Structure formats: C-alpha cells, structure tokens
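Some notes on the structure that comes next.
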2 protein chains.
Amino acid sequence: MPGGRPRAFDPDVALDRALEVFWRQGYEGTSLSDLTGAMGINRPSLYAAFGNKEELFVKALDRYISGPGAFADEALAAPTVREVVERLVEGAIELTAGTGTPHGCLSVNSVHACGPDSAPAREAAIACRMAGEAALRRRFEEAPDLPPGFDPAVLARLVHTVTDGIAVQAASGHTREELREVAALALRTLLPA
Amino acid sequence: MPGGRPRAFDPDVALDRALEVFWRQGYEGTSLSDLTGAMGINRPSLYAAFGNKEELFVKALDRYISGPGAFADEALAAPTVREVVERLVEGAIELTAGTGTPHGCLSVNSVHACGPDSAPAREAAIACRMAGEAALRRRFEEAPDLPPGFDPAVLARLVHTVTDGIAVQAASGHTREELREVAALALRTLLPA
DNA sequence: TCAGTTCTGTATCGTCCGGTATGAAACTAG
DNA sequence: CTAGTTTCATACCGGACGATACAGAACTGA
C-alpha cells in the first residue's frame with residue numbers, strides 16, 4: 001500500500017484561484033486555460049483533483065457561499081427583522097462592490113449562464129439561490145417583530161430582489177457608495193426605524 | 001448599374017429571430033450556428049447583412065430596447081412619480097416573466113457576459129443601462145410631486161435596482177404572479193398612495 | 001533495491017468556434 | 001443575349017475548446 005507522488009499544489013488555494021476566475025469572468029467566459037493558468041497547475045492535475053469544469057464550478061460555488069457569502073446565513077441570526085435586512089443588504093454591497101474582489105455576484109452571474117452547455121452550472125446557482133431565499137422566508141415566518149401586513153414570503157422575495165439588483169448594479173459599474181445610498185433609501189422606506 | 005440577386009430573407013424578421021436567441025441564451029451562450037439556424041440563413045448571408053456576431057448583437061439590443069423594452073421610455077410620460085415607477089416595475093415584470101418571450105432581460109443578462117471576448121457586447125449593454133437610468137433621474141429631477149427627502153438620482157437608482165432584481169428573479173424561475181406580489185410590496189412601502 | 005502507486009508534464013485527441021474564399025445562381029441594365 | 005452586380009450555398013480556414021493518453025518523476029512499503 002503506497003503513498004505515491006505527493007501533490008505539488010494545495011487544492012484549497014487552487015480552488016480559491018478558480019473561484020476568483022469564475023467570479024470575474026463567469027462560467028461561460030472562463031476557459032480551462034484560464035483556470036489552469038490562475039490555479040498554477042496543468043490540465044490533468046485539475047481533472048484528477050476536481051473532476052471537470054462543471055464539478056470544479058460547483059465546488060467553487062460552494063466555497064463562495066461558505067466564504068465570501070457567509071454573511072447571508074449569519075445575518076439571519078440578527079435579533080430584529082430590520083437588522084436582518086440591513087445586514088443582508090450591506091453584506092451584498094460589500095460582497096459585490098467591495099475592494100479586492102471582482103465586482104458582481106458569482107451566483108447572480110451564473111444564473112445568466114444560459115448557453116446549451118451551461119445548464120448544470122446554472123442549475124447549481126439557482127438551487128443555491130432558492131435555498132437562501134427559503135431560509136430568509138423561514139426567518140421572517142418566525143419573527144415576532146414582523147410588521148403587520150407583511151407576508152414573510154413576499155418580504156423575503158423582495159429583499160432577495162433588492163440584493164440581486166445590487167449585484168447587477170455592481171457588475172455594471174456602480175460604486176459601493178452609490179449603492180449605499182440606494183440601500184439607505186430602500187431600508188428607510190421598507191422598514192422605518 | 002445592376003440590381004443583383006435579391007435577398008431570400010427579410011432582414012427585420014431575421015433580426016427578430018437573432019434577438020430571441022440572444023435573449024434566451026445570452027451573448028456568450030449563443031453560437032453562430034445557433035443564430036443562422038434560428039434566422040434561417042447561412043453564414044455568409046449573416047455576415048453580409050449584419051457584419052459579425054458583435055454587430056449583430058448590438059443591432060439586436062437596439063431592437064430589444066425599441067421593441068419589447070419600449071415601455072421604459074413610455075413610462076416616463078406618466079403624470080406622477082408613482083405612476084412612472086408603477087409602470088416601470090410592471091413593465092419589467094411583463095418583459096422578463098411574460099409569456100411568449102424568454103425569461104429574464106437581455107440587457108441584464110449581457111452585463112454578465114464578462115469573458116475575454118465579450119467586452120463589446122457587455123459595454124453596449126452597460127451603455128444602454130446607463131442611458132435608461134439617466135433618463136429616469138432627469139424625469140424625477142423635474143417632477144414637482146417628488147416626495148420630500150427623496151434624492152432624484154438615488155430614487156432612480158433604487159427603481160433601477162428593483163427592476164434589475166426582478167429580471168434576475170425572472171431568469172431564475174420566479175413567476176409573474178410572485179413578482180407582482182413583490183412589486184406591490186415595494187410600491188406601497190416606497191411610495192404610499 | 002524494487003515493485004506498486006500517484007502525480008506531473010507534454011503532446012494530442014476530436015469537435016466546435018468565429019469568420020471567409022469560391023463559384024454558381026438570380027437579378028438588372030443595355 | 002450579354003456584361004455587371006449581388007446574394008446564396010458549400011466547403012473550408014486557423015485556432016481554441018474541453019478532455020485525455022502516455023511516459024517519466026516522486027513517493028511508500030517491503
């Protein structure tokens with residue numbers, strides 16, 4: 001029972017590099033050469049470690065959700081409905097228009113990978129999005145401070161719609177400060193303090 | 001001075017077919033074979049009539065704006081700020097989640113075509129979006145009924161953010177009815193009647 | 001030392017990509 | 001009918017795509 005030749009790269013950092021490329025260029029806009037170049041490995045190593053382009057994307061998406069996108073789950077623990085929404089919106093702005101990371105949202109981006117060969121990546125992104133929206137709805141359903149006349153499911157969908165819109169605006173060049181103004185107006189009209 | 005062999009296809013119809021393909025599959029997800037197949041013409045005819053893939057996309061985007069997307073300009077003529085917003089949001093829902101057309105928004109979709117070869121298409125989409133947002137801002141700047149405490153530029157950006165979000169939601173499978181509930185909540189909190 | 005195993009590097013596979021050369025077909029003007 | 005012009009249809013271009021075969025290198029256990 002042997003050990004074999006050891007890996008010359010760290011799969012975790014390689015996956016982080018892959019995530020960064022998918023985030024910046026989208027699933028359809030990213031080639032294997034882009035990936036191997038950024039990951040610092042060659043093709044057979046990529047296939048041995050991550051399967052293929054689709055599986056690598058799914059792994060990168062998981063890492064995106066549990067890394068840069070972790071604020072979304074954490075926000076649900078905030079004590080009030082307003083704070084939950086506030087932290088979600090602010091987190092979305094930081095995620096999609098912050099410094100040091102590509103502009104836009106990997107998940108929103110991947111929803112728009114609708115070419116014939118991109119169905120698996122697209123469906124993985126949609127599944128993530130549905131799960132996030134369902135969690136937000138459940139949070140509102142159990143909220144004693146939900147304002148009267150607010151349907152939990154509709155509010156969750158509206159918040160999700162606004163964060164999606166923020167991601168699109170960030171991807172098309174709006175700055176963090178511009179989006180903060182938008183978020184402030186949305187918050188003060190939707191849930192006056 | 002001659003006439004030459006007459007065209008065997010109607011360029012307007014062919015452009016509409018191309019628009020439909022770009023709308024459904026995105027710029028990066030659409031190949032020339034997809035286009036020629038849907039347009040019912042062959043490659044040299046496409047190049048002679050429309051230039052190349054990029055130029056064809058820009059022409060299709062123009063048609064999208066002046067056709068299915070014409071509600072956006074028309075909405076600006078509504079008498080009140082609230083009606084302008086109402087018509088924009090309802091038009092966005094109909095455009096992106098209506099029947100008989102692909103789900104999602106061509107312009108929002110194209111913002112996410114961020115591969116190395118898609119820069120021209122992406123920039124054309126962004127230019128369209130900026131022009132639309134600027135027109136909305138000017139409409140609000142000249143509105144006597146703008147509620148106090150509302151910055152015209154920020155309101156325009158927020159409305160645009162919501163319509164962008166609606167497009168993303170539609171692209172990821174939400175129905176027209178679900179989005180109507182979202183729009184109703186957004187409207188009644190943002191601009192109470 | 002050497003068989004057994006795993007990874008690396010190169011070179012390549014077949015396919016599809018966007019784009020075009022070429023020649024026949026279909027028209028107009030004389 | 002012919003010359004000139006434009007479009008159509010086929011067949012093809014070089015290159016990039018995602019994915020892999022293969023051989024040598026680097027390790028473990030005996």
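Being a predicted model, the structure only gives us computed values, none of them experimental.
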Do we see a donor-acceptor contact under 3.5 Å between the side chains of B:Ser33 and B:Arg43?
yes
Protein-proximity profile, nucleotides 20-26 of chain D, B/S/- by nucleotide at the 4.0 Å heavy-atom cutoff, equals BB--BBB
Stacked cation flag A:Lys53 on A:Tyr47, 6.0 angstrom / 45 deg:
no
Does a side-chain N or O from B:Ser45 land closer than 4.0 Å to OP1 or OP2 of D:dC8, or not?
yes
Any donor and acceptor pair, going by atom type alone, linking the side chain of A:Trp23 with main-chain N or O of A:Gly104 inside 3.5 Å?
yes
Would you call A:Arg180 and A:Glu94 a salt bridge, using N to O less than 4.0 angstrom?
yes
What is the distance, rounded to the nearest whole Å, between atom CG of A:Leu46 and atom P of D:dC17?
14 Å
Interatomic distance where CD belongs to B:Glu55 and C1' belongs to C:dG18 [whole Å]
13 Å
Give, for atom CD of B:Glu20 and atom CZ of B:Arg63, the distance between the pair rounded to the nearest 0.5 Å.
13.0 Å
Using a 4.0 Å heavy-atom cut-off across all strands, classify A:Asp117 as base, sugar-phosphate, or nothing.
nothing
Donor-acceptor side-chain pairing of A:Asp164 and A:Thr161 below 3.5 angstrom
no
Relative to the 5' end of DNA chain C, which residue comes earlier, A:Ala48 or B:Lys53, by the nucleotide with the nearest heavy atom?
A:Ala48
Under a 4.0 Å heavy-atom cut-off, which of residues 16-42 of chain A touch DNA chain C?
A:Asn42
Closer than 4.0 angstrom, basic N to acidic O: yes or no for B:Arg129 and B:Glu133?
no
By nearest nucleotide on DNA chain D, pick out whichever of B:Arg7 and A:Glu54 is the more 5' one.
B:Arg7
Nearest 0.5 Å please: distance from the NE2 atom of B:His174 over to the CZ atom of A:Arg157.
6.5 Å
